[in-house]
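So you know, we letter chains A, B, ... as the sequences are listed, proteins then strands, and number each from 1. What's counted below: heavy atoms across the whole structure, side chains too, no hydrogens, waters or symmetry copies.
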Number of protein chains: 2
Amino acid sequence: MLLKENVVKTKLGKLPYIYPIPITLVGANVDGKPNFETIGDVGLMGINPALVYIASHRDHYTNLGILANGTYSINFPNTAMLAQADYCGGVSGRDADPQGANPCKAELFEVFYGELETAPMIVACPVSLECRVIQEFSIQKRQIFIAEVVQTYADAQYVIEDGNTRGLVDLTQLDPILYALDNRYYSIGKPIGVGYQEAKRVKN
Amino acid sequence: MLLKENVVKTKLGKLPYIYPIPITLVGANVDGKPNFETIGDVGLMGINPALVYIASHRDHYTNLGILANGTYSINFPNTAMLAQADYCGGVSGRDADPQGANPCKAELFEVFYGELETAPMIVACPVSLECRVIQEFSIQKRQIFIAEVVQTYADAQYVIEDGNTRGLVDLTQLDPILYALDNRYYSIGKPIGVGYQEAKRVKN
């Protein structure tokens with residue numbers, strides 16, 4: 001190991017520059033009506049069992065529904081849904097008005113429900129995760145909702161069957177929306193390698 | 001809102017299909033020596049204050065260093081570093097052997113330290129976050145380390161100055177490695193929009 005004593009790096013301050021961020025639409029029933037919030041602060045906490053989290057500002061309208069029902073959904077829009085995804089990040093469900101300039105978010109989407117019956121999911125999204133909260137806590141101004149995935153839904157056109165296992169097509173077909181703290185949205189690029197195969201170039 | 005009663009979606013089971021996943025190299029000093037672990041289970045928990053998390057299996061060697069020092073780093077390799085990033089996800093620091101087939105991970109990288117002095121960072125990575133743990137807990141087989149970002153480092157070539165604020169160039173230049181549960185790595189695509197601008201197409 002070569003320790004570099006004189007590394008010249010630029011300090012940017014306390015910038016949580018995680019990149020890229022996946023853009024998701026998180027769904028919850030608030031007062032019995034579906035609401036959707038655009039969230040990038042989402043991630044994995046385990047594969048088996050399947051655990052995910054979202055971090056949502058405590059003032060967000062969607063949080064009320066998650067707390068009331070103990071359920072939410074994570075829906076992955078594709079790039080054709082960019083306008084709707086951006087809209088759901090900028091307008092609160094509190095301020096939406098069916099007769100006004102801000103359409104209700106639920107009006108934007110066809111919605112379906114799954115096993116939990118209280119986690120609204122978006123038909124147009126290629127993939128949706130139906131989630132049951134198993135732990136909730138607050139940190140600074142955020143509420144963190146850790147959940148188990150109880151069911152994963154996908155459109156048949158994106159599913160590949162390989163014997164008894166079902167998987168999903170590659171990301172170029174799922175066509176997700178990515179984001180970064182430069183406030184830009186991005187598309188996915190190309191497949192560049194396979195897990196646990198590229199390492200051979202280091203070992204050899 | 002149109003409720004779809006007869007939606008035909010394929011059920012994939014309890015699959016935590018968050019996509020894409022950012023590939024990072026998490027650094028910690030274990031017994032005084034830098035070790036790096038490839039982690040995609042990383043995300044944002046707040047912007048201001050700057051909070052991030054990683055989820056690392058309790059058996060991972062890197063965890064020992066994080067627990068001992070209360071610090072870690074998150075380094076973002078670019079696609080030129082794919083082989084090393086893949087290697088660090090497949091070999092434990094416990095099993096690395098300087099004389100054997102598995103080179104020590106620290107040997108792969110030039111390392112520098114920042115303000116915390118115990119969080120090793122990788123010179124070759126365009127961006128590194130230096131993190132202090134503020135909360136740690138276990139869930140299932142994972143240890144979750146929530147941390148504040150105390151400093152963000154970037155190579156000068158990736159930094160743009162705009163008056164008194166410093167930011168980073170767009171992701172096509174940072175060239176991150178992405179991953180998905182199909183076990184493929186991906187590159188970033190193209191900029192497709194700007195936050196809070198695309199929504200206009202919904203409102204109008």
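A distance of 6.0 Å separates CD1 of B:Ile47 from CG of A:Asp41, quoted to the nearest 0.5 Å. Put simply, CD on B:Glu198 and CD on A:Gln84 are 11.5 Å apart, with the number rounded to the nearest 0.5 Å. Note that the CG atom of B:Asn183 and the CD atom of A:Gln197 stand 8.0 Å from one another [nearest 0.5 Å]. One finds the OH atom of A:Tyr153 at 13.0 Å from the CG atom of B:Leu15 (value rounded to the nearest 0.5 Å).
A search for side chain to side chain contact (heavy atoms under 4.5 Å, CB included) contacts involving A:Pro22 returns A:Val42, B:Ile18, B:Pro20, not counting sequence neighbours. Considering only residues two or more places apart in sequence or on other chains, B:Lys141 meets the side chain to side chain contact (heavy atoms under 4.5 Å, CB included) condition with B:His57, B:Arg58.
In this structure, A:Ser187 contributes its side chain and B:Lys190 its backbone to a donor-acceptor pair below 3.5 Å. Side-chain N or O atoms of A:Arg201 include none that pairs as donor or acceptor with a backbone N or O of B:Leu82 at under 3.5 Å. Proximity of a side-chain donor or acceptor of B:Thr152 to a complementary backbone N or O of A:Lys14 within less than 3.5 Å is not detected.
Within residues 158-165 of chain B, the residues that have a heavy atom under 4.5 Å from a heavy atom of chain A are B:Val159, listed by number.
Contact count against chain B (heavy-atom pairs under 4.5 Å) is highest for A:Gly46 among A:Pro120, A:Gly46, A:Ser56. The most heavy-atom pairs under 4.5 Å with chain A, out of B:Ala156, B:Pro49, B:Pro16, come from B:Pro16. Put simply, of A:Gly43, A:Pro191, A:Ala55, the one with the most heavy-atom pairs under 4.5 Å next to chain B is A:Pro191.
Checked against the 6.0 Å centroid threshold, A:Tyr17 and B:Phe76 do not count as a close aromatic pair.
Residues B:Leu108 and A:Val202 share a closest heavy-atom pair of CD2-CG1, 3.7 Å.
Listed by first then second residue, pairs satisfying ring pair (Phe, Tyr, Trp, His ring centres under 6.0 Å) with a partner in residues 114-147 of chain A read A:Phe137-B:Phe137, not counting sequence neighbours.
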